[in-house]
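Here's the structure, in structure tokens; my notes come after.
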Amino acid sequence: MAHSGRFNSMATSCKEYDFNQIEPHWQQAWEQSHAFKAANLADRPKYYLLDMFPYPSGAGLHLGHCENYAITDIMARYKRARGFNVLFPIGWDAFGLPTENYAVKTGRHPADVTRENIDTFRRQLKSIGVSYDFSREVNTTDPAYFRWTQWIWLQLFQRGLAYVEEKPVWWCPALGTVLANEEVIDGLSEVGKHPVERRPMRQWVLRITAYADRLLADLEKLDWPDSTKRMQAAWIGRSEGSEVEFDIVGLPGERLKIFTTRVDTIYGATYMVVAPEHRLVSALTTPAQRAAVEAYVKAAASKSDLERTELAKDKSGVFTGTHAINPATGAQIPIWIADYVLASYGTGAIMAVPAHDERDFEFAGKFQLPIPQVIAPADGTPVTLPFCDKGGDVRLIASGDCTGLTPIQAKERLDARFAAENRGRATIQFKLRDWLFSRQRYWGEPFPIVWISESDYRAVAAAQAGSLVLPATPVTCLIDGEIRCALPLPNSALPLQLPEVKSYQPTGTGESPLAAITEWLEIWYQPATGACVPVSQECPGAGWIRGRRETNTMPQWAGSCWYYLRYLDPQNADALASPEALKYWGMPDLYVGGAEHAVLHLLYARFWHKVLFDLGVVPTDEPFTKLFHQGIILGEDGEKMSKSRGNVANPDEVIRAYGADTLRLYLMFLGPLEAMKPWNPKGIEGVHRFLQKVWRECIGEDGSPHPKISGKVTDAPEVDRLLHETIKKVGEDIETLHYNTSISQMMIFVNAVQKAPAVSRQTMLAFLQVLAPFAPHIANELWSRLGGQPDLNTATWPVFDPAKLVSTEIKLVFQVNGKHRGDQLVPVDITQDAALKLAGAHERVAPHLQGKAIKRIIFVPRKILNIVVE
RNA sequence: GCCCGGGUGGCGGAAUUGGUAUACGCAUCGGACUUAAAAUCCGUGACCUGCAAAGGUGUGUGGGUUCGAGUCCCACCCCGGGCACCA
């Protein structure tokens, strides 16, 4: 708070609690005094607090945002009072589809739309009184920002973590555009409800699977909600098993490789299945079966994922006509094609063990394939098939020389045997797929890549050795039937900016609108400098080569994968952040955002971060060590807020009617922060009344400090004790994110103050400090009017006195046979005998003891005395 | 189907290691102030029996452990979230 000293923090002069006057007044005061500017590299301990990156949509701020930002703002203000140098930044994840779609519709430039949306968002944010350091704002669409997004992407590219592949994407013929997964609902476009289809297109893919093991193992280090860690673990989906290659009858050079987690059941494998997309489908198909196989493969290809998974409960398949040899039994077993085997997992082929797998059992039943049992309970209990044991005490049966072994023993023996035969090994599979990292859109970061011919690439690679890092294996693709190689731009040529375009209309071919901008697209290119001129002009000379820019753009995830690093040093032109800033600030101490990002954003960002760690750019191998998910605010009806339901509460209206302090306080009072909570517009009256009451206790009718507040008063013991309890409870509750109960405690305190005839100024000021993180405007106003020093934003958090919390008397509960029969104030250190005597004399307790023999006495000091009779 | 999270008054919710269930707030009803209203303040506030004092029953359902269970154990029901032919 280096700049806050000079501002004259005068209060307003209103007599009533006029929040419409008070709140803008203080918001302006904080802005002018730069009250929340984080100091770079200060001596104080740092605290880095981060909200999930907002997308500045045209719809503006909703209550969910307010909840999120109130949680972190309260923590930020509290940590500042605790003496931390707090970094509490905000910025804009501003590339993305809604803005582009809006721009297409209105014919306006997405950059203009984005700027307006950000202005609205920022103004709304300020109106709820958040203490962000706005001097560190970042914006993903700013070339000074995405220069580093492109730089990081180049590091991935150069390390061989980015490649190009033809991958199916959603294509909508009616809209003439490619759609994102979330724009496709039940096989129809979200906009216009047109049918969509799968169409293969050239895509950039990031090799996140190379980090699968570390992404899974390092979850253990993170202080995250367990449910989120479990979700990521399930998404990564590590699975230990075996690979086995089966010989194929009539195809001597080929083997069919499968993955199984239960190699011990191989004696029960009576057929095999390959996915319709498997590379050997054609080779395996006999002439007699060809027509049937081709029809099946074609049908499978035209099915959407939805049809193949959720809708396809029935098993389907077709026999190839070819057999494989089960390496355990030597038996010939048929090879089928069926779409219940996924091409994208494992090897795209399985050995089917129908007796011990539900899916295989169903399939075998439908096509009358044998179902021999090879696993049985150790105690010989008969079982019905399919018998899918999950680690019970079982043994192999009818399994040759493995008969009698446990599955674990059998796996070891079979893995070793197949390894010796050079046909198998123990192995690990992941569900995690590589990350499709391109969009056929305009409003995203361009890839800093130029596609050039193979011969040019070889020449550049030779000439630039050392200065331009190329991936170990060139990334290539086919453009107009020719092989092209991906050449990265030199760092000096970053950022690669988006060209100005007249129209954002889709091209109609599925390619990005960038593909239509020939001047930008087709260039003469100088590899050493990254300089270019349109190919319509003459080639500038030697060393210039013909190139074509990449027309895909990056997905919205790109900018949000590393923004938390840019806040540390947002203006740095030489690096994404300086090593000093990275060292001082480190990673966020607390990251707050919705659970809807549990997998994608949080996994992608971890991946990029680990790559940056491996490069030595960042000092830690995990970005977000402590994570908290706020719950969703539901509509009044308990349903998710949505325009179509008409149950949306608008924060602007709430602020107008009650003020930002009331809104903040009420959102926090609603219930546990992590819980889903319905919005109840009636309940807000309660917290508003609380703030009114605070005002009335501090300010008299004429607007000057209330006469009951004085520097000379000695507080009533009750008020004094409650103050210290409140300081203690609120501090603890903020640290543990249990804000709702700290508000209850503050209400209890104010109720006590109200009953006291007089209260000391020191007590009232200490309370205002405790209230300040939650309701900063009214707290600043009252602090200032009561003459609090120094400025409230620089005052240190009040200290509670533990001595004031221990009372000499406590209420001891008397129970007879475990039932509450009475209680009495007693000295804290009362003995059992003395307590028993009191209980015996207690008018409510005594009748229950009358004429009964005491069997047992349980005495818990300071809590209960339980007398067990008869 | 599998994996999580959760069921407490009319409502949102509170309750260290098992130790007074319903704090705080909303709504309700009654009272004070007022010509009246608003605002404010005081009180009421689970169910059954009872004039009362008091007693009994109560934290989704049914069992169990314990002197004592919202809290621990077993079985089940309902709601919410995630994953879903991953071999």
Side-chain angles (χ1 to χ4, degrees), chain A residues 225-231 233-235 237-239 241-242 258-263 265 269 273 275 308-310 312-315 338-342 344-353 356-360 362-363 390 429-433 595-596 598-599 631-632 634 638 640 665-666 669-672 674-690 692-693 696 738 740-748 750-751 754-755 811-823 843-844 847-848 855-860 862-869:
Chain A
D226 279 340
S227 57
T228 302
K229 288 206 247 183
R230 264 191 291 265
M231 266 193 244
W235 189 266
R238 184 180 198 270
S239 158
S242 313
I258 59 99
F259 172 74
T260 177
T261 55
R262 290 301 298 269
V263 72
T265 62
V273 184
R308 272 184 69 165
T309 59
E310 285 171 52
K313 292 298 172 203
D314 264 354
K315 294 281 178 289
D339 65 3
Y340 82 91
V341 170
L342 307 177
S344 50
Y345 183 75
T347 61
I350 62 159
M351 65 175 202
V353 184
H356 304 290
D357 182 283
E358 279 180 35
R359 300 152 300 187
D360 298 345
E362 191 194 332
F363 189 87
K390 294 191 176 76
Q429 281 293 331
F430 292 92
K431 278 196 228 178
L432 185 69
R433 309 288 153 79
E596 67 272 19
V599 175
I632 297 171
L634 303 171
K640 222 173 201 159
L665 206 57
Y666 184 51
F669 186 59
L670 229 38
E674 65 277 15
M676 274 197 180
K677 296 151 292 214
W679 174 258
N680 175 0
K682 280 184 180 158
I684 198 166
E685 290 284 353
V687 287
H688 189 62
R689 264 177 232 161
F690 165 68
Q692 294 273 17
K693 197 185 282 187
R696 280 197 314 272
H738 293 134
N740 55 332
T741 47
S742 47
I743 296 169
S744 297
Q745 181 65 36
M746 288 191 275
M747 288 172 166
I748 292 169
V750 173
N751 288 342
Q754 189 182 31
K755 288 181 178 68
K811 192 196 271 181
L812 187 70
V813 171
F814 300 135
Q815 293 183 342
V816 178
N817 287 347
K819 285 201 166 72
H820 177 224
R821 296 299 181 183
D823 49 56
E843 59 169 349
R844 300 239 186 103
H848 296 279
K855 267 171 59 182
R856 195 173 159 193
I857 293 165
I858 292 107
F859 180 61
V860 183
R862 310 171 74 96
K863 289 207 169 97
I864 60 147
L865 175 73
N866 187 11
I867 304 163
V868 185
V869 296

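Sequence lines set the chain letters: A, B, ... in the order given, protein chains first and strands last, and positions in each chain run from 1.
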| task | With RNA chain B as reference, determine whether A/V599 or A/N740 sits nearer its 5' end, using the nearest nucleotide of each. | result | A/N740

| query | Between B/G55 and A/H848, is there an OP1 or OP2 to side-chain N/O distance shorter than 4.0 Å? | reply | yes

| field | A/K315 NZ/CZ over A/F363 ring centroid, <6.0 Å and within 45° of normal | value | no

| query | Taking atom P in both B/G30 and B/G81, what distance in whole Å separates the two? | reply | 41 Å

| query | Could you give the CD-to-C1' distance, from A/E843 to B/A54, as a whole number of Å? | reply | 12 Å

| request: Determine whether any donor atom in the side chain of A/K315 lies under 3.5 Å from an acceptor atom in the base of B/C85, or the reverse, and answer yes or no. | output: yes

| request: Could you tell me whether A/K855 contacts a base, only the sugar-phosphate backbone, or nothing, with contacts defined as non-hydrogen atoms closer than 4.0 Å? | output: nothing

| What about A/K863, does its side chain sit under 3.5 Å from the base of B/U17 through a donor-acceptor pair? | yes

| Can you check whether A/Y666 and A/W679 have ring centres sitting under 6.0 Å from each other? | yes

| query | For atom C1', what is the distance between B/A39 and B/C48, given to the nearest Å? | reply | 39 Å

| task | Please answer whether the main-chain N or O of A/V353 pairs with a side-chain N or O of A/D360 as donor and acceptor at a distance below 3.5 Å. | result | yes

| query | Considering only the C1' atoms, how many Å lie between B/G1 and B/U65, rounded to the nearest integer? | reply | 33 Å

| said: In whole Å, I'd like the distance from the CG atom of A/L670 to the P atom of B/G25. | reply: 16 Å

| Can you tell which of B/A54, B/U20, B/A87 lies closest to the side chain of A/R844? | B/A54

| said: It should be established whether A/R230 places a side-chain nitrogen or oxygen under 4.0 Å from OP1 or OP2 of nucleotide B/C4. | reply: no

| task | Check every strand shown and say whether A/Q754 touches a base, only sugar-phosphate, or nothing at a heavy-atom separation below 4.0 Å. | result | sugar-phosphate

| said: I'd like to check the ring-ring contact (aromatic ring centres under 6.0 Å, His included) partners of A/F259; sequence neighbours left out, ordered by chain and number. | reply: none

| task | Classify the nucleic acid contact of A/K431 as base, sugar-phosphate or nothing, counting any heavy atom under 4.0 Å across all strands shown. | result | base

| task | For the pair A/N866 (side chain) and A/G818 (backbone), establish whether a donor and an acceptor sit closer than 3.5 Å, ignoring hydrogens and angles. | result | yes

| B/G55 OP1/OP2 closer than 4.0 Å to side-chain N/O of A/R821 | yes

| request: Write down the distance between NZ (A/K819) and C1' (B/A54), rounded to a whole number of angstrom. | output: 15 Å

| task | Mark yes or no for whether A/R433, through its side chain, and A/K431, through its backbone, hold a donor-acceptor pair below 3.5 Å. | result | yes

| Heavy atoms under 4.0 Å, any strand shown: does A/I748 hit a base, just sugar-phosphate, or nothing? | sugar-phosphate

| Phosphate oxygens OP1/OP2 of B/C41: is one of them under 4.0 Å from a side-chain N or O of A/N751? | no

| query | Between A/Y345 and B/A87, is there a side-chain N or O to OP1/OP2 distance below 4.0 Å? | reply | yes

| note | Pairing string of RNA chain B (Watson-Crick or G-U wobble, both atom distances under 3.5 Å; | = paired to other strand) is (((((((..(((......[....)))..((((.......))))..((((....))))..(((((..]....))))))))))))....

| request: Examine the base of B/G19 for any acceptor or donor lying under 3.5 Å from a partner atom in the side chain of A/Q815, and report the outcome as yes or no. | output: yes

| Nearest-Å distance once atom P is located in both B/C3 and B/G68 | 34 Å

| Below 4.0 Å: OP1/OP2 of B/A87 and any side-chain N or O of A/S239 | yes

| field | B/A69 versus B/U59 - spacing of their C1' atoms, nearest Å | value | 11 Å

| query | So, the side chain of A/K863 versus the backbone of A/L812: is there a donor-acceptor pair under 3.5 Å, distance only? | reply | no

| query | Does a side-chain N or O from A/R689 land closer than 4.0 Å to OP1 or OP2 of B/G25, or not? | reply | no

| Counting only side-chain N and O atoms of A/K755, is one of them less than 4.0 Å from OP1 or OP2 of B/C42? | yes

| request: Could you tell me whether A/V860 contacts a base, only the sugar-phosphate backbone, or nothing, with contacts defined as non-hydrogen atoms closer than 4.0 Å? | output: base

